[in-house]
Amino acid sequence: MSPEAHSAPRSLAEALRARDDASLAALLRSRPDLITPVPTDLTQLATRAGTRASVLRALERLDRFALQTAEALAVAPDPASYDTLLGLMAGDAGDETVAGALPRAVACLREQALVWGGDDRLRLVRTARELLAPSPQHPSPTGLGPTVQEATSGMSPGRIQEIVTTAGLPSTHDSVSAVAALTALFTHRKKMAKLLAGAPEAAREVLTRLVWGPPYGQVTADPAAHLRWLLDRGLLLPTTPGTVVLPREVALHLREGRAHRTPEPLPPAVTPAATHSPQVVDATAAGQAYTALATVEELLKDWDEGGPAVLRAGGLSVRDLKRTAVALDVSEPVAAFWVELAYAAGLIASDGEADERYAATPAYDEWLEQPPAERWAGLAQAWLAATRTPGLVGGRDAKDRTLSALGPGLDRSAAPEVRHRVLSLLAALPQGAAPDAASVLARLRWERPLRGAQRDGDDDLRSRLARWALSEAELLGVTGRGALSAHGRALLGAPAAATPAAGSGSAAAGSAEPTGPGDKLPVHHHRAADRLVPLAAAEQAVATAAAARLLAPLLPEPLDHVLLQADLTAVAPGPLRRPLADMLGVLADVESKGGATVYRFTPASVRRALDAGRTAADLHAFLAEHSRTPVPQPLAYLIDDVARRHGHLRVGAASAYVRCDDDTLLNEILADRRAAALRLRRLAPTVLAAQTDPATLLEGLRAMGYAPAAESAEGDVLITRAHAHRTPPRTAPEPVPDGPPPPDATLLSAAIRAIRAGDLAATTPRKPVGEPLAGGELPRTSSAETLATMQAAVLTGDSVWIGYVNADGAASQRVIAPVRVEGGFVTAYDHTADEVRTFPLHRITGVAELADD
């Protein structure tokens, strides 16, 4: 036996045991579910890596070519050599592109612990083979059927001999050798070509229809002559009554050795649809970023006194979403996006009251005090990490219930990864290049073909998430005219100047490329330019700050003036400073938005400012200070006229009353038919009483054209201001993780050290002590034997193997080097924990010296 054969691993556990720490770290980083919790040894790690759930998750994260390679191994002999696999992937004629990409795919499968063994004995993990191998219930993606041996397993020996004889082979003495002879015939290219040369034309047409799958067909009890020709020679084999199958070896011959009709060794390139100047892209994105800030502010201002009610099942009602869309002057899907974005950023939440409503959180007031660029960066960071998916609003869940904005059922754990990946693909294009959306979707389907196959409605979820990511990035100002902006690139953590990376796929990440079948992928490939893993929290904070610095110079400077016009309007030619915007929002109504905002002054808006405690002199001074044009005479007259009548009538609680020094005015009100609903009566020449509450009386008199003012019980005028309703302190919703989070370097190092130590304890040869228990459990030693062995180890400095039960009753085996034994305790260096520990002797179940070798 050669040294290579002697050292070949006999199991996945042995293959993992032969790996170095860097390779184990790459495995645990790519499959974080294997480290939750940390395995006790490498045997347990291998067992966990072969479980169905873990293998399914690993297969879902393979790119299309790596998955095609795994599918080819599933239909290859077990084990298969690298040359056999190459033949299945590249075909008889050979494909240089496939041959060049195959080492990388095999290295990827090895790194993921889906394939183990040397190049002469490649083995697919048994669970993966069961998932990918063809069966009548689960056809193989390759379209191949069972082998001749599998298809003839239930066939009578006489029938097998008939097929062998008809195929032109000598009869054998048993079925096993007959099946082997038939298999050898079907895998011999020249002999098969000679056999098929004599096939009827109709028979060859049948084989052509079955060759790429599905390999099963129906036949009658009395098949036609061309079908009988195929059946007699084993080119079609019966499986169940009326059903035949094309054997795998026959199909591979017809396919010229290829397992797949179209191997896809290279990822489809993301192609630009248009190219713009980087300055134009940045300016467009910055303008949209400012619009995003204004939209969120407008949304929160609309909900400032308490927003819509929370549905019993959670979320916004359809009617409230429509009202919000009208208030923001956007479509309902876009309104849902802004509402969800504010929620993800922690700016709105439910107030938790008995009559539960949505309202701004205290974090909103802090957010308003930040510079505009930092406010945008906070929104963008929340969007990038959120698992809530606004695009699903209005759809149906699994129970056919409507999905509502801010309601349950909107979390999709793949959303952050898809957003990050879409932006990464944009960052790989030249600056200013806007991608073709179809090429982006094609690239994503290549990178995650199994995940793309999971349906979530009419289209696969991953493609829908990608389309939503492109549109939402444009709305938010991460992209401009479809191209990634400079601040968007910084938010992603990408280099400031990107170069095209066409043809680089997820499997191709890394600084070095394997050149042979046994080469491995670089360990730290997750930090490559086209990485799939989002930044860590600390890295993302640095990237967000960098994005804010790049955006700040591009945002327009707030103005401190407006242009007053004679038609009782004011034009704001740009964004206004906050105090000016707040005051103007009270004094006037917004008539139109856009590049310039138009405000309209009305009697009601002026009265609103007076109700807020301003005087006519204050309003005149405010307009004169902030207008670049003279205050028009009609506006000055409007303010003076409303102020002259404001507060002339006084309303208080009686249920309510009206008092006025001018009894003629009170007589006019009593005579007005519109006052009948207020049920007024005179109490004194200057006082009227009403049966309604003061608020209703105020609204009724204002509707009649008067300008009454509310007063307190002491007779003072009440100044009414908008009541800003805030929720109690709330935290932003946590994203729903897509499985366990990737471990950091500290956790990886500690886990690998613990696994190595546990494996040492489990595999180190030991001298037999006492009688082992049934089932391979830990051997037991008496207290005296345990004490004597420990004391001897202290004197000799040797390590020993112990069985130990902790205070919680959990049993484990460890390798320790005793240092001191006293007072019923042994102090020793624990190789498992890599530290000096103290063990109570009564908790040690057994002890054994390690073998000399």
Side-chain angles (χ1 to χ4, degrees), residues 287-288 290-305 323-331 334-335 338 368 372 555-647 698-699 702-709 719-722 724:
Q288 190 57 44
Y290 182 81
T291 302
L293 293 177
T295 304
V296 173
E297 288 184 41
E298 187 175 356
L299 169 67
L300 272 296
K301 188 181 297 183
D302 189 50
W303 291 10
D304 200 47
E305 299 182 46
R323 289 174 179 169
T324 302
V326 171
L328 298 180
D329 193 23
V330 295
S331 64
V334 174
W338 294 120
L368 284 178
L555 293 177
E557 285 292 332
L559 303 176
D560 61 352
H561 65 273
V562 294
L563 304 176
L564 297 177
Q565 302 186 108
D567 60 349
L568 298 181
T569 60
V571 177
L576 300 178
R577 292 183 177 177
R578 184 164 305 283
L580 173 58
D582 291 343
M583 182 58 198
L584 201 58
V586 175
L587 181 57
D589 298 323
V590 176
E591 188 171 81
S592 66
K593 306 172 188 176
T597 304
V598 178
Y599 294 86
R600 169 73 61 181
F601 298 95
T602 65
S605 68
V606 173
R607 184 174 62 241
R608 187 169 64 228
L610 296 173
D611 287 343
R614 302 285 183 171
T615 64
D618 293 337
L619 299 182
H620 285 300
F622 169 79
L623 293 175
E625 178 184 357
H626 293 288
S627 175
R628 286 290 178 87
T629 58
V631 178
Q633 195 175 52
L635 179 56
Y637 285 168
L638 173 65
I639 294 173
D640 292 338
D641 183 56
V642 174
R644 184 169 50 254
R645 294 182 294 131
H646 186 266
L698 273 170
E699 292 300 324
R702 286 172 178 169
M704 295 168 60
Y706 299 99
I719 297 175
T720 58
R721 292 184 175 90

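Worth knowing before you read on, the calculation uses all heavy atoms, side chains too, and leaves out hydrogens, waters and symmetry mates.
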Colleague: So which heavy atom on Tyr706 is nearest to which on Arg607, and how close?
Modeller: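 That would be O-NH1, 4.3 Å.
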
Colleague: Donor-acceptor pair, Thr615 side chain versus Asp618 backbone, under 3.5 Å?
Modeller: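 Yes: the side chain of Thr615 pairs with the backbone of Asp618.
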
Colleague: Answer yes or no: is there a donor N or O on one side and an acceptor on the other, between the side chain of Ser605 and the main chain of Leu587, under 3.5 Å?
Modeller: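 Side chain of Ser605 to backbone of Leu587: a pair is present.
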
Colleague: Would you say CZ of Arg628 has more than 12 non-hydrogen atoms from neighbouring residues, nucleotides or ligands within 6.0 angstrom?
Modeller: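 Incorrect, the count does not exceed 12.
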
Colleague: Does any N or O in the side chain of Arg645 come within less than 3.5 Å of the main-chain N or O of Gly705, such that one atom is a donor and the other an acceptor?
Modeller: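 Side chain of Arg645 to backbone of Gly705, a donor-acceptor pair under 3.5 Å: yes, one is there.
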
Colleague: My understanding is that only residues two or more places apart in sequence, or in another chain, count here; which of them pass ring-ring contact (aromatic ring centres under 6.0 Å, His included) with His561?
Modeller: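 Once residues adjacent in sequence are excluded, His561 has no partner under the ring-ring contact (aromatic ring centres under 6.0 Å, His included) criterion.
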
Colleague: Checking Thr629 side chain against Leu564 main chain: does a donor-acceptor pair fall under 3.5 Å?
Modeller: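 Here the side-chain-to-backbone pair exists.
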
Colleague: Just wondering, do Met583 and Leu576 contact through their side chains at under 4.5 Å, heavy atoms?
Modeller: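 No, their side chains stay 4.5 Å or more apart.
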
Colleague: Is the number of heavy atoms from other residues, nucleotides or ligands under 6.0 Å of Asp641 CG greater than 12?
Modeller: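 Atom CG in Asp641 is packed in, count exceeds 12.
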
Colleague: Just wondering, do Phe601 and Ile639 contact through their side chains at under 4.5 Å, heavy atoms?
Modeller: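 SC-SC contact between Ile639 and Phe601 ruled out.
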
Colleague: Using side chain to side chain donor-acceptor pair (under 3.5 Å) as the criterion, list what pairs up with Glu557, not counting sequence neighbours.
Modeller: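 For Glu557 there are no side chain to side chain donor-acceptor pair (under 3.5 Å) partners, ignoring immediate neighbours.
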
Colleague: Closest heavy-atom contact between Pro634 and Ala566?
Modeller: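 Heavy atoms only, the tightest pair is CG-O, 3.9 Å.
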
